Peer 1: 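Here it is: the structure, laid out below.
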Amino acid sequence: MISGYYNPDAKRNVVRFVLKLHNYDETRENIGYLVCDINSNALTSIMSKYVDVDQVCLWLQPVDDQVIAMTGRASKSQKRIQKQLAKVIENYYHSDQLEQEYDGNYLIKVSQKEYNLEAFVLVSQSLLTATQKSLIRTLRIIMAGMIGAIVLLVFFLSRWMTKPVECLQNLADISVTHYSHSL
């Protein structure tokens, strides 16, 4: 399980990882729990490596709990939307109740139910459109390359296969000439 809380003494958010310990025989008896608290800045610095563009807000939030890590260079409207969504998620919700579009921004959600953790990304429409155009251009280049490779393969394969036919034709011509001389 993963959860988080605010530590007022340290004045920082803390992420708590809890691992259930059990023995490894057939009874699988519960032994206890291993609890590890880390500064949320450690997760934030890892997450920030994957967000290098503007107009993206990425955060981790356990179900029915507060945000434990957040990063990204979000616009003011995205920050406002993120705060509202975080409150909705903190107060019990069903994932099918969340909309996908908020004021020109799209919400992408990835659940890890076994860890009680969800990752959310709020992305602007313009960034998604630019990404889609780039993807289409890349797919067209790949498709043209594959068609070119197939054409070359078919060309060389057909030349390789027609050589034996040419050799047989030459042998047939020689044998016909040889046969007509022997008569």
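Nothing here was measured: the structure is a model prediction, and the numbers come from that model.
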Peer 1: Just how far is it from atom CZ of Arg28 to atom CG of Asn23, taken to the nearest 0.5 Å?
Peer 2: 8.0 Å
Peer 1: For side-chain contact (heavy atoms from CB on, under 4.5 Å), just list the numbers for Leu85 and Gln61, CA-CA rounded to whole Å, side-chain angles, deciding distance to a tenth of an Å, and then say yes or no.
Peer 2: CA-CA 11 Å; Leu85 287 171; Gln61 186 170 0; over 6 Å; no
Peer 1: Shortest non-hydrogen contact from Ser40 to Ala69?
Peer 2: O-CB, 4.3 Å
Peer 1: Test: salt bridge (charged side-chain N to carboxylate O under 4.0 Å, His left out). Region: residues 75-85. Which pairs qualify, not counting sequence neighbours?
Peer 2: Arg80-Asp103
Peer 1: Identify the two heavy atoms, one from Glu118 and one from Ser111, that lie closest to each other, and give their separation to 0.1 Å.
Peer 2: OE2-OG, 3.0 Å
Peer 1: Enter the distance from Phe120:CZ to Ile108:CD1 here, rounded to the nearest 0.5 Å.
Peer 2: 12.0 Å
Peer 1: How long is the gap from CG on Leu117 to CG on Leu60, to the nearest 0.5 Å?
Peer 2: 5.0 Å
Peer 1: Atom CG of Asn105 and atom CD of Gln82: how far apart are they, to the nearest 0.5 Å?
Peer 2: 12.0 Å
Peer 1: Please round to the nearest 0.5 Å and tell me the distance separating atom CD of Glu90 and atom CD of Gln66.
Peer 2: 6.0 Å
Peer 1: Measure the spacing between CD1 of Ile46 and OG1 of Thr71 and express it to the nearest 0.5 Å.
Peer 2: 11.5 Å
Peer 1: Show me the donor-acceptor pairs, under 3.5 Å and distance only, between side chains in residues 10-18 and residues at least two apart or in other chains.
Peer 2:
from  : atom 1 : to    : atom 2 : distance (Å)
Arg16 : NE     : Asp37 : OD1    : 2.7
Arg16 : NH2    : Asp37 : OD2    : 2.8

Peer 1: Quick check: closest heavy atoms across Leu21 and Asn30, and the distance to 0.1 Å?
Peer 2: O-OD1, 2.8 Å
Peer 1: Distance-only check: which donor-acceptor pairs under 3.5 Å involve side-chain atoms of residues 131-155, not counting sequence neighbours?
Peer 2:
from   : atom 1 : to     : atom 2 : distance (Å)
Thr131 : OG1    : Leu127 : O      : 2.8
Thr138 : OG1    : Ser134 : O      : 2.9

Peer 1: Minimum heavy-atom separation for Ile81 to Tyr102, with atom names?
Peer 2: CD1-O, 3.5 Å
